[in-house]
Amino acid sequence: MRKLLLFITATFITLTANAQWNFGLKGGVSLSDMSFNNELLSSNNRTGFFIGPTMKYTPLIMGFGFDASVFYDEHNVNVDYSGYEILTLRQKQIALPVNLTFSIGIGTFASVFVSAGPQVGFNISNENDPSLVEKNLEWRWKTSNLSANFGGGVIVLNHFQLSANYNLGLGKTGEFEIDKLSEAKANDKLHSWQIALAYYF
């Protein structure tokens, strides 16, 4: 038993010593849309962007690892009400994604990977189209939201990473009050396709 514990401890120390911690900067563009629970509302895709520090940890165990980032994340979405474009919603948030990764090397030059994990966002702005008041509408972003990431990409020369990712909204992102007199409401979930480029030092 003692020998087994010593073996496990030695293995853990070796793997930790050989693990790779990499820090860098990551940014990209996103294409966002909303899904509403009200048939009178629909959204048109618009581009946004995100940027911030990132890190990845590779423990050298069968290609598994994880990455985490802190992004300034801005989404822009056009919303139609009964077939007429009424406003542009702009969300500014601090996003914290954490992903489990699995990578396969392509020689010593590059590796490909897939990733998945949760993301928490914290809203920092409520900047919306001023025509909301004129149309007797009110929109409120939630102070925080939960989503999930699914994606993959390629890492070249252990420094450059190009990735594509789908961010799936898991909870309500915001809420419309369509008519203050009738108290008609509509909730949404925000989804985004994201293309990112990262550089690890």
Side-chain angles (χ1 to χ4, degrees), residues 12-34 45-78 88-125 127 141 143-171 173 189-201:
F12 176 78
I13 293 174
T14 301
L15 290 174
T16 302
N18 291 328
Q20 296 181 1
W21 290 89
N22 299 100
F23 299 87
L25 184 66
K26 188 175 185 178
V29 296
S30 59
L31 189 64
S32 304
D33 69 270
M34 290 180 170
N45 296 335
R46 286 199 59 183
T47 57
F49 69 94
F50 55 95
I51 189 169
T54 186
M55 59 81 65
K56 63 185 179 76
Y57 175 70
T58 309
L60 303 179
I61 302 176
M62 299 177 62
F64 286 99
F66 73 87
D67 62 53
S69 305
V70 179
F71 293 138
Y72 170 80
D73 188 13
E74 184 172 312
H75 297 276
N76 299 286
V77 181
N78 284 346
T88 297
L89 302 179
R90 178 174 291 112
Q91 182 192 43
K92 298 177 181 179
Q93 67 173 359
I94 300 299
L96 307 173
V98 178
N99 298 306
L100 176 68
T101 62
F102 177 74
S103 60
I104 299 176
I106 306 175
T108 58
F109 176 74
S111 62
V112 295
F113 69 93
V114 292
S115 63
Q119 174 176 301
V120 179
F122 299 94
N123 184 47
I124 58 174
S125 174
E127 183 181 342
W141 293 104
T143 55
S144 63
N145 61 84
L146 178 66
S147 57
N149 291 311
F150 305 93
V154 59
I155 300 175
V156 180
L157 298 176
N158 291 321
H159 291 289
F160 296 95
Q161 181 190 83
L162 179 64
S163 61
N165 183 75
Y166 186 69
N167 179 253
L168 176 67
L170 299 178
T173 309
K189 291 183 180 179
L190 182 67
H191 315 292
S192 300
W193 282 102
Q194 301 173 329
I195 304 295
L197 178 65
Y199 178 80
Y200 289 97
F201 304 106

> Passes ring-ring contact (aromatic ring centres under 6.0 Å, His included), Tyr166 versus Phe150? Steps please.
Replying inline: CA-CA 5 Å; Tyr166 186 69; Phe150 305 93; 7.7 Å; no
> Considering the options Asn145, Thr143, Asn123, which one meets the side-chain hydrogen bond (donor to acceptor under 3.5 Å, both in side chains) requirement together with Gln93?
Replying inline: Asn145
>> Donor-acceptor pair, distance only, cut-off 3.5 Å: does the side chain of Thr54 make one with the backbone of Ala68?
In response: yes
>> Testing the 3.5 Å rule here: is there a donor-acceptor pair between the side chains of Ser147 and Asn167?
In response: yes
> With Tyr72, which of Phe49, Phe122, Phe50 fulfils ring pair (Phe, Tyr, Trp, His ring centres under 6.0 Å)?
Replying inline: Phe49
> Could you walk me through whether Ile155 and Lys56 pass the side-chain contact (heavy atoms from CB on, under 4.5 Å) check?
Replying inline: CA-CA 12 Å; Ile155 300 175; Lys56 63 185 179 76; 4.2 Å; yes
> How many angstroms lie between atom CG of Asp67 and atom CD of Gln161, to the nearest 0.5 angstrom?
Replying inline: 6.5 Å
> Between atom CE of Met55 and atom CG of Asn22, what is the distance when rounded to the nearest 0.5 Å?
Replying inline: 8.5 Å
> Less than 4.5 Å apart, any side-chain heavy atom of Gln91 and any of Leu190?
Replying inline: yes
Solution key, residues 192-201 side-chain donor-acceptor pairs under 3.5 Å, sequence neighbours excluded:
from	atom 1	to	atom 2	distance (Å)
Ser192	OG	Ser32	OG	2.8
Ser192	OG	His75	ND1	3.3
Gln194	OE1	Asn165	ND2	3.1

Search all heavy atoms of [X] against all heavy atoms of [Y] and return the closest pair with its distance.
{"X": "His191", "Y": "Gly169", "answer": "ND1-N, 3.1 Å"}
{"X": "Phe71", "Y": "Gly52", "answer": "CD2-N, 3.6 Å"}
{"X": "Asn99", "Y": "Gly117", "answer": "OD1-N, 3.2 Å"}
{"X": "Leu25", "Y": "Pro53", "answer": "CD1-N, 4.1 Å"}
{"X": "Pro118", "Y": "Asn149", "answer": "O-ND2, 4.3 Å"}
{"X": "Thr101", "Y": "Ser115", "answer": "CG2-CB, 3.7 Å"}

